[in-house]
Amino acid sequence: MGQLCGRCMQLLRDFIGFVQRMSSDLVRAIKECLTLISNCSCLKQSSSKNRQLYKPILQPHERVTAQEFLQHIETDFEMSPLGKNPLEALRTLSFSENPGLQQSAALYYLHMSQHMNIPLPVEHLEPFYALLRSADLEVQQMSSLSLVNFLLEGNIDKELVIQMGLLEPILDLLESEDPTVQCNSCACIMTLAVSESNREAIGAARGVTPLLSLANSYDPRVQQNAVGAILNLTQSEKIQQVLCKEGALPVLVLLLESPDSEVQYYSCAALSNVAANVQHHKALLGSIDRFLLRTLISLLSSSVDKVSSQACVCLRNLATSVDIQAEMVAENVLPKLCSLLASGSEDVRRASIALLWILSQHPSNQDTLACAELLQSLGMLLAAHKTDPVIVGHTACIIKNLCLSKNRQRITESCCVEGLLQTMLLTDTQEDSLRYVTSCLAELAKQEGAMLHMVQWMDEPLTKCLVRLAGQLEHPEPSFHAASIIQHMISHEKMMLLWKYHIGEIQAYLKNFLSHQEVRFQQLGISTLCRLRADPDFSLAFRKSQMAKLLEQVRQQTEETQELLRAAMCLEDS
């Protein structure tokens, strides 16, 4: 490219100079315009400098009210803080344009909220509207804090706060630039959002968006209360939809990595509530590299019990498909869960065993889970918490699921069998956990190796317990399972000696079984009777009882049933 001639160079210099002069004039003109606008009184009405210059006229009735209110505080506050006269004074002071008077009312409410242990009358909520709407920062701080105190102590009906129209000014305070006001208003929303009607009101008033914004606050108090409010809102399925639409999920997922354990817990609990609804799983798990899944698994190692416990709950709610469960197992979740089983926290133990139960339900996970480490942990858990129905029930279900794996021999040789047997002695018949324990033991007793291992641990208390359970027909499932265990153990010499101490009780439950309406009870009773007849003592006892008569009745019923079946089949063929 050639060079410019002298004439063109001069034209270019002139043009640059012209632009520079024009730019300078334009910048100067803009500055002058902005200066004039900034000096206008319309922009100074809300500034702190203007507040110092502007002093609202103190009305005569306000002056008298303030004097009487001061006298009341000095003399009668302890006797009648909620009297008629103080209320009228509070109304006057609260709705005054004078910030000093509003501060007096706000301070009075704050003092009451810290010392009062009785419900606040409905009439006293009215002044709060003016105080929360005040342009004075101190009034906003004190009134919002007193409202939080009243709500936390239960001095105010939470639904009534919404009905009185206080939600709107509270939500407006979320937009404040003052961290204290933000913190208090978030705490108000968090406390109010404990009922379904209040949650719907907050959602309808578009309270979700400012809360999500404050969830990213640099002030830890504000962030905690904002995420706590979001947590309470997630208890509503309807508001969950609003939260997801407003982009809450990415915010909550990122907050799992917060250095603040309280924020971690609130965000994890909120995600657990959302994850309980399967329709949100795609959004929760759709991130690259399964970020949520990996983060939750890492939180299982948290030193804060409630964080690790809530991570278990969230993972359990997400583990609804085989693929997700396989990913959890692949992410080395098992060692972490084994560690949590030994936790000193009841919540952690229960949450981790519940997650393991979910993982054990699918055959693809069972061989991996049936490892020596987990079985050892389960056995120790049973030994240490024999009377905890949640621990006992879930552990029994896990062991029963793992019995179906090719590594069932490991279960037979582990301390799990002894643990399950011992829990029978301490578990109340009314509890569901006993049904799971007896069902698991009945499944194990079907396998020769496991049955022989069970026999080694059997003694008189356990034998008596099994016979007693078999005879309690008001609880049919434990009864049937206990009788099934007895039936499988009959052929063993040691057990025959133990059963002979309970001939009468065994005869009693066998009679009940033979006359039972369910065929499975009848069949189990007949099978047990046939095996026991091989022993002379039982055979003699049966001959002396009415057992033969019952067997004849069962035979007749069976023949009648067979005739009816043949008739029905003939009709079907024709």
Side-chain angles (χ1 to χ4, degrees), residues 309 312 316 334-361 365-366 368-405 407-447 449-466 468-469 475 477-478 481-482 484-485 489:
S309 172
C312 283
R316 186 184 69 203
L334 189 54
K336 296 178 186 293
L337 291 177
C338 287
S339 176
L340 293 179
L341 293 178
S343 170
S345 165
E346 180 184 271
D347 289 339
V348 173
R349 295 193 302 270
R350 289 185 168 190
S352 56
I353 198 70
L355 176 55
L356 276 167
W357 169 60
I358 293 290
L359 295 177
S360 71
Q361 290 179 3
N365 298 324
Q366 289 167 358
T368 304
L369 294 178
C371 63
E373 181 185 6
L374 177 60
L375 295 175
Q376 178 72 15
S377 298
L378 293 176
M380 293 173 64
L381 191 67
L382 283 173
H385 306 285
K386 297 184 182 73
T387 57
D388 187 325
V390 176
I391 295 293
V392 170
H394 279 105
T395 304
C397 289
I398 292 170
I399 295 171
K400 184 178 179 181
N401 290 337
L402 299 184
C403 284
L404 305 175
S405 73
N407 296 311
R408 63 175 67 92
Q409 184 64 28
R410 291 181 181 176
I411 298 173
T412 302
E413 297 171 352
S414 71
C415 53
C416 292
V417 175
E418 179 191 2
L420 289 170
L421 288 170
Q422 294 301 319
T423 57
M424 285 197 309
L425 297 173
L426 302 173
T427 305
D428 191 275
T429 312
Q430 305 270 348
E431 293 177 359
D432 286 339
S433 57
L434 183 63
R435 174 163 58 93
Y436 300 130
V437 170
T438 53
S439 174
C440 180
L441 288 171
E443 185 65 36
L444 285 169
K446 294 177 183 178
Q447 305 167 22
M451 187 271 289
L452 292 174
H453 192 69
M454 289 168 63
V455 168
Q456 293 177 12
W457 294 104
M458 289 298 294
D459 54 16
E460 174 54 26
L462 282 171
T463 304
K464 184 177 180 180
C465 178
L466 277 174
R468 176 179 58 83
L469 289 175
H475 304 287
E477 293 307 313
H481 297 317
S484 178
I485 296 169
M489 288 183 172

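None of these values were measured; they are calculated from a predicted model.
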Sequence neighbours excluded, the answer for ring pair (Phe, Tyr, Trp, His ring centres under 6.0 Å) partners of His394 is Trp357
Indicate yes or no for a side-chain donor-acceptor contact from Asp347 to the backbone of Ser309 under 3.5 Å, with no hydrogens or angles considered.
no
Between Glu418 and Gln422, do the side chains contain a donor N or O and an acceptor N or O under 3.5 Å apart?
no
Less than 4.5 Å apart, side chain to side chain, heavy atoms only: is that true for Gln366 and Asn401?
yes
Can you check side chain to side chain contact (heavy atoms under 4.5 Å, CB included) on Thr412 and Met454, steps first, answer last?
CA-CA 8 Å; Thr412 302; Met454 289 168 63; over 6 Å; no
Check whether any side-chain heavy atom of Cys440 lies under 4.5 Å from a side-chain heavy atom of Leu420, and answer yes or no.
yes
Compare all side-chain heavy atoms of Leu369 with those of Leu334 and state whether any distance is below 4.5 angstrom.
yes
Between Pro478 and Thr438, which heavy-atom pair has the shortest distance, and what is it?
CA-OG1, 3.7 Å
Has Arg410 got a side-chain atom pairing as donor or acceptor with Ala370's backbone, closer than 3.5 angstrom?
yes
Do side-chain atoms of Arg349 reach the backbone of Ser343 as a donor and acceptor pair under 3.5 angstrom?
yes
Kindly indicate, with the supporting measurements, whether the criterion side chain to side chain contact (heavy atoms under 4.5 Å, CB included) is fulfilled by Val392 and His385.
CA-CA 8 Å; Val392 170; His385 306 285; over 6 Å; no
Gap between atom CD of Gln361 and atom CD1 of Ile398 - 0.5 Å precision:
9.5 Å
Side-chain heavy atoms of Leu402 within contact of Leu375, under 4.5 Å:
yes
Straight-line distance of Ile391 CD1 to Thr423 OG1, nearest 0.5 Å:
12.5 Å
Residue pair Pro389 / Asp432, side-chain heavy-atom distance below 4.5 Å:
no
If you round to the nearest 0.5 Å, how far is CG of Leu374 from OG of Ser414?
9.5 Å
Any side-chain heavy atom of Met458 within less than 4.5 Å of one from Leu421?
yes
Taking all non-hydrogen atoms of both residues into account, name the closest pair between Cys416 and Leu382 and its distance.
O-CD1, 4.0 Å
Are Ser360 and Asn365 side-chain neighbours, meaning at least one heavy-atom pair lies under 4.5 Å?
no
Between Cys338 and Ser377 the two heavy atoms that sit nearest each other are CB-OG, 3.8 Å
Pairwise side-chain contact, Leu337 with Cys312, heavy-atom cut-off 4.5 Å (strictly under):
yes
List in chain and number order the residues that pass side-chain hydrogen bond (donor to acceptor under 3.5 Å, both in side chains) with Lys386, two or more places apart in sequence or in another chain; answer none if no residue qualifies.
none
Using only atom types and a distance under 3.5 Å, with no angle test, would you say the side chain of Glu443 pairs donor to acceptor with the backbone of Lys400?
no
So NZ of Lys464 and CG of Asp459: to nearest 0.5 Å the spacing works out to 12.0 Å
Distance col, row Glu431:CD vs His475:NE2, nearest 0.5 angstrom, shows 11.0 Å
Please list, chain by chain and in numerical order, all residues satisfying side-chain contact (heavy atoms from CB on, under 4.5 Å) with Cys465, sequence neighbours excluded.
Met424, Leu425, Arg468, Leu469
Reported CG-to-CD distance for the pair Leu341 and Gln376, which is rounded to 0.5 angstrom:
12.0 Å
If you look at every heavy atom in Ala354 and Arg316, which pair is closest and at what distance?
CB-NH1, 3.3 Å
